[in-house]
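Quick note on labels: first sequence line is chain A, next is B, and so on, each numbered from 1.
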There are 4 protein chains.
Amino acid sequence: MHPTAHHESSSTASGAASTRRRRKDARPSELLAAGLELFVDRGFAATRLDDVARRAGVSKGTLYLYFPSKEALFKAVIEDGMVAALLAAEERMAAHQGPAAELLHDLLLGWWQQIGSTALAGVSKLIISEARNFPEIADYYRERVISRGRALLRQALERGIDSGEFRPLHVEAAIDVIIAPLLMLAISRFSLRLCGHEVSPEAYLETHFELLLRGLRPAGDHP
Amino acid sequence: MHPTAHHESSSTASGAASTRRRRKDARPSELLAAGLELFVDRGFAATRLDDVARRAGVSKGTLYLYFPSKEALFKAVIEDGMVAALLAAEERMAAHQGPAAELLHDLLLGWWQQIGSTALAGVSKLIISEARNFPEIADYYRERVISRGRALLRQALERGIDSGEFRPLHVEAAIDVIIAPLLMLAISRFSLRLCGHEVSPEAYLETHFELLLRGLRPAGDHP
Amino acid sequence: MHPTAHHESSSTASGAASTRRRRKDARPSELLAAGLELFVDRGFAATRLDDVARRAGVSKGTLYLYFPSKEALFKAVIEDGMVAALLAAEERMAAHQGPAAELLHDLLLGWWQQIGSTALAGVSKLIISEARNFPEIADYYRERVISRGRALLRQALERGIDSGEFRPLHVEAAIDVIIAPLLMLAISRFSLRLCGHEVSPEAYLETHFELLLRGLRPAGDHP
Amino acid sequence: MHPTAHHESSSTASGAASTRRRRKDARPSELLAAGLELFVDRGFAATRLDDVARRAGVSKGTLYLYFPSKEALFKAVIEDGMVAALLAAEERMAAHQGPAAELLHDLLLGWWQQIGSTALAGVSKLIISEARNFPEIADYYRERVISRGRALLRQALERGIDSGEFRPLHVEAAIDVIIAPLLMLAISRFSLRLCGHEVSPEAYLETHFELLLRGLRPAGDHP
DNA sequence: AATGAATGAGTTTTCATTCAT
DNA sequence: TATGAATGAAAACTCATTCAT
C-alpha cells in the first residue's frame with residue numbers, strides 16, 4: 001500500500017513516470033476523501049491529521065506535501081465537495097420542460113440520487129457544524145451552493161405559479177420549507193437519525209413531495 | 001447528576017454565609033449557560049475550558065469544583081437543556097381539545113416560542129454536531145426528547161385522520177417532514193443561515209403551516 | 001462533630017472554655033496522626049491535604065490554622081514521631097545491668113514492642129522514601145534518632161566484648177547488620193512484605209537474635 | 001511490553017536512515033535510565049516528566065512517543081530493572097558445587113557486585129517507596145524477583161543443613177535476616193545513610209557474612 | 001517525493017494556598 | 001476558630017507542524 005514500494009520496480013522509465021504521475025495526482029483525492037470522512041464524523045477540531053494520513057495510507061509528512069495546514073486540508077475538502085455538488089446540480093438543471101410539478105419531483109429525487117445519498121451529503125453536516133468556526137467557508141458555501149440550489153427551486157416554483165399550476169405563495173419561505181427536509185435527511189445520515197428511524201429515504205421523500213404538491217396546488221384544484 | 005446537589009453541611013448560621021451560598025448555588029447554572037453558549041458556537045473539541053470559565057466569571061479551577069471533566073460539563077449542558085426542553089414540551093402538551101389543524105398550529109408556534117427561539121435550540125445543533133462523538137448522548141436524546149416530540153405530532157396527525165380532517169398518509173414520514181423545517185430553523189440560528197436569509201421565523205413557520213395544512217387536507221376538501 | 005456547633009450551648013463559661021481548650025490542643029495531634037498515616041501510605045507528594053483534613057475530621061482551612069504549609073505539617077509529623085521514638089528509646093535505656101546478651105535481647109524486643117509494632121515504625125519508611133527530597137530532615141533524623149539508637153547498641157556490644165562475652169569485631173559494621181533486619185521489619189509493614197511473608201515478627205526477631213548471639217560469641221565458646 | 005518493539009516498517013534503505021534508526025532504538029533505554037534515576041531520587045509523584053525528558057536529552061513530547069503515560073514509564077522502568085536483576089541473578093546461580101559456606105559467600109558478594117553496587121539497587125528503594133501506590137507492581141516484584149532470590153538462599157541454607165555444615169534453623173526467617181542487611185545497604189545508597197556512615201560496603205558485607213557464618217555453624221563446631 | 005521522529009505550544013487537570021464569611 | 005469556595009501556578013498530556021534522512 002505504501003507508494004514508496006513502487007520505486008524499486010520502476011524498470012521502464014515511461015511506465016514508471018506515468019505510474020508516479022497518476023499516483024501524485026491521485027494522492028490529493030485520497031487525502032480529500034479520507035479528510036471528508038473523518039471531518040464529517042468527528043468535526044474539524046476532533047479530527048487528527050495522523051488519522052487522516054493513516055486512512056489515506058500515507059504518512060503524516062506526506063499530507064503536508066499537499067496541504068500546508070490542517071485548515072487548508074479542511075477547506076480543500078469542503079471546496080472539493082462543493083464543486084462536485086455544483087456539477088451534480090448543474091446536470092440536473094439541464095433544460096427540464098415538463099410541468100412544474102414534474103420538475104419539482106425531479107429536483108427532489110435528483111438531489112437524493114446525486115447528492116443526498118452520496119458522500120457529498122456529509123459536506124452539509126460539516127458546514128452546519130463548523131460554520132461558526134469558519135465564517136468565510138460558510139459565506140462561500142451560501143453563495144456558491146445554497147443560493148444556486150435555491151435558484152433552481154425558485155425557478156420551478158415561479159414557473160408553476162405563472163402557469164397557474166401552483167397557487168401564489170411566499171416563495172422564499174417555501175423554498176426553505178422545501179429544502180429543510182432534504183438537509184435533515186442528509187444530516188441524519190451522519191449524526192443520529194433524528195428523523196426517519198424506520199422510514200426509508202425514498203418513502204420519506206415521496207411523502208415530502210406529496211404533501212408539498214397538494215400544499216402548493218391552488219385551492220379547489222384537485223384531480 | 002446535577003452538581004447543585006451539594007447542599008450537605010448547612011449547619012452554619014443561615015444568614016452568615018448567605019452571599020457565598022447564593023453564589024455557590026448559582027454557579028452550576030452559570031457554568032452550564034456559559035458552556036452551552038460556547039459548545040454551541042464552537043463544538044466540543046474547539047471549546048476551551050478557559051473560555052467557559054472566563055465567560056462564567058470564574059477561574060478555571062472553579063469549574064472543576066463543579067464538574068469533574070470537560071466531558072462531564074458537556075453532558076451536563078446537554079442534559080440540562082434536555083430537561084428544560086422536556087418541561088417546555090410538557091407544558092404545551094397540556095390538554096388541547098380543538099380541531100387537529102388548530103392543535104398542529106399550536107404545536108408549531110409553541111415550539112418556536114418555548115424552544116426554537118430560546119437558548120434551548122442550541123442543544124439541537126450540539127447534538128447534531130457531536131452525535132458521533134457521544135453516541136450515548138445521542139441515544140439518550142433520541143429516546144427522551146425526539147420520540148416525545150414525535151409522539152405529540154403523531155397524536156395530532158392521527159386525531160386529524162380519524163376525524164376525517166386530514167387524509168390518510170404515511171404518518172411517520174410526515175412527522176419527519178413536519179419536524180425538519182423546525183430543526184433547520186433552530187440550527188440555522190447557530191450556524192450559517194441555511195434557510196431564510198431575509199425570511200422571518202414567523203413568516204417561515206406560517207408558510208410551513210399553510211403548506212402543511214393544505215397538504216394534509218383530504219382531496220376535494222377545501223373551503 | 002463540627003466544633004462550631006458548640007457555640008450555642010456554651011452556657012457555663014468554664015465548661016465551654018475547657019472543652020474548647022481541649023479541642024484546640026487535641027486538634028494538632030489528630031492532624032499529625034492523619035498526616036502520618038497518609039504520608040507513610042502514599043509518600044509526601046502523593047498525599048493530598050484534602051485527604052489529611054478529611055481523615056482528621058476537619059476542613060482543609062483548619063489545617064492551615066495549625067500548620068503554615070504542607071511541608072510544615074510533614075516536618076511536624078516526622079518530628080512528632082521522632083520525639084516519641086526517642087522517649088521510647090530513653091525508657092528502655094534505663095539502667096540495664098545483666099549480661100550483654102540479655103541487654104541485646106531486651107533492646108531488640110523493646111524496639112519491637114515500643115517502636116516496630118507501633119505507628120512509629122512508619123516514620124522509618126517515610127524517612128527512607130523522602131530523605132532525598134528533605135535532606136535537612138534526613139540529617140536531623142540521623143543525628144537525633146539513628147545515632148542515639150546506634151549508641152545503645154554500641155554500648156551493649158562493647159560491654160560484651162570487654163567482658164569477653166562477645167568476640168572482638170568491627171563494631172560499627174555489626175551495628176548496621178543488627179539494625180538492618182529491624183528496619184526491614186518495620187518497612188515491610190508499610191510496603192510490600194519484602195521479608196517474612198508467613199514469618200511472624202516474633203519468630204523473625206528470635207531467629208535474628210539467635211543467629212546474632214552465636215555469631216558474636218567467641219570461637220570455641222559454646223554451651 | 002518494551003517499547004523497543006517498534007521495528008515494523010524498515011522498508012527504507014538501511015543505510016539512509018541509520019543514524020535516526022540508531023537514535024530511535026536507543027531512545028527507550030535512554031528514557032528508562034533517566035526515569036530510573038529521577039524516580040529513585042524523588043519518588044514517582046515528585047518526578048516531573050519534563051525533568052525526565054530533559055535528562056534524557058529530548059523534549060517532553062518525545063517521551064510520549066515511547067510511553068503513553070507517566071505510569072507506563074514508571075512501570076517500564078521497574079520492569080526493565082527487574083529483568084536486568086533477574087538476568088544478573090541467573091548468572092550467579094550457575095552451578096556452584098563447593099561447600100555451602102562458600103556458596104553463601106559468593107551469593108552475597110555476587111549480589112553486591114551485580115546488583116547492590118549498580119543502578120539496579122535503586123529499584124529496591126523504588127519498590128519500597130511506591131509499593132502501596134502500585135500494588136500490582138509490588139505483587140509482580142515479590143513473585144518474580146524476591147521469591148527467586150529467596151529460593152537461591154534457601155537452596156544454599158538447606159544444602160548446608162543437610163550436609164551438617166549448618167545447624168538446623170528456621171530457614172524462612174533466616175532468609176529474611178540474611179536479606180535485610182543487603183537491602184538496607186542498597187537502600188541507604190539512595191536515601192540517608194542509615195547504616196554504615198563510614199563503614200565501606202565491603203567491610204559491611206564481610207562483617208555480615210562472618211557473623212552469619214558463625215551464627216549458622218552447629219554448636220561445638222569451630223576451627 | 002516520502003517518511004516518521006522530534007518538537008513545543010497549547011489544553012486539560014490537579015491541588016496547595018488564600019480569604020471572605 | 002472554623003469553614004469551604006475560589007484561585008492560579010504547575011504538571012500531565014495532545015497534536016499540528018517541522019525537518020533530517
Nearest to the side chain of [X] - [options]?
{"X": "C:R48", "options": "F:dT7, E:dG8, E:dA16", "answer": "E:dA16"}
{"X": "B:Y66", "options": "E:dG4, F:dA6, F:dT1", "answer": "F:dA6"}
{"X": "C:Y64", "options": "F:dA6, F:dC13, E:dA16", "answer": "E:dA16"}

Mutual orientation of the aromatic rings belonging to D:F44 and D:F39 [parallel < 30°, tilted 30-60°, perpendicular > 60°]:
parallel
Take C:L65 and D:S69, find for each the nucleotide of DNA chain F with the closest heavy atom, and name the residue whose nucleotide sits nearer the 5' end.
C:L65
Taking for each residue the nucleotide of DNA chain F bearing the nearest heavy atom, is the 5' side occupied by D:F44 or by C:G61?
C:G61
Compare all side-chain heavy atoms of [X] with those of [Y] and state whether any distance is below 4.5 angstrom.
{"X": "C:Y141", "Y": "C:V123", "value": "yes"}
{"X": "D:E130", "Y": "D:I137", "value": "no"}
{"X": "B:L32", "Y": "B:L73", "value": "yes"}
{"X": "C:D50", "Y": "C:R54", "value": "yes"}
{"X": "A:F67", "Y": "A:K75", "value": "no"}

By nearest-heavy-atom nucleotide on DNA chain E, the more 5' of D:S59 and C:T47 is D:S59
With DNA chain E as reference, determine whether B:K70 or C:K70 sits nearer its 5' end, using the nearest nucleotide of each.
B:K70
Rounded to the nearest angstrom, tell me the gap between atom [atom1] in [X] and atom [atom2] in [N].
{"X": "B:F67", "N": "E:dT14", "atom1": "CZ", "atom2": "P", "value": "15 Å"}
{"X": "C:R42", "N": "E:dA16", "atom1": "CZ", "atom2": "P", "value": "11 Å"}
{"X": "A:R54", "N": "E:dT3", "atom1": "CZ", "atom2": "C1'", "value": "14 Å"}
{"X": "D:E71", "N": "F:dC13", "atom1": "CD", "atom2": "C1'", "value": "14 Å"}
{"X": "B:L63", "N": "F:dG8", "atom1": "CG", "atom2": "P", "value": "14 Å"}
{"X": "D:E30", "N": "E:dA6", "atom1": "CD", "atom2": "P", "value": "9 Å"}
{"X": "C:D50", "N": "F:dA2", "atom1": "CG", "atom2": "P", "value": "18 Å"}
{"X": "C:K60", "N": "E:dT14", "atom1": "NZ", "atom2": "C1'", "value": "10 Å"}

Judged by atom type as modelled, is there a donor-acceptor pair below 3.5 Å linking the side chain of B:T47 to the main-chain atoms of B:L38?
yes
Only Watson-Crick and G-U wobble pairs with both distances less than 3.5 Å should count. Give DNA chain E in dot-bracket notation, marking inter-strand partners with |.
.||||||||||||||||||||
Does A:L49 reach a base, just sugar-phosphate, or nothing at all? Heavy atoms under 4.0 Å.
sugar-phosphate
At under 4.0 Å, does any side-chain N or O of B:T62 touch on OP1 or OP2 of F:dA5?
no
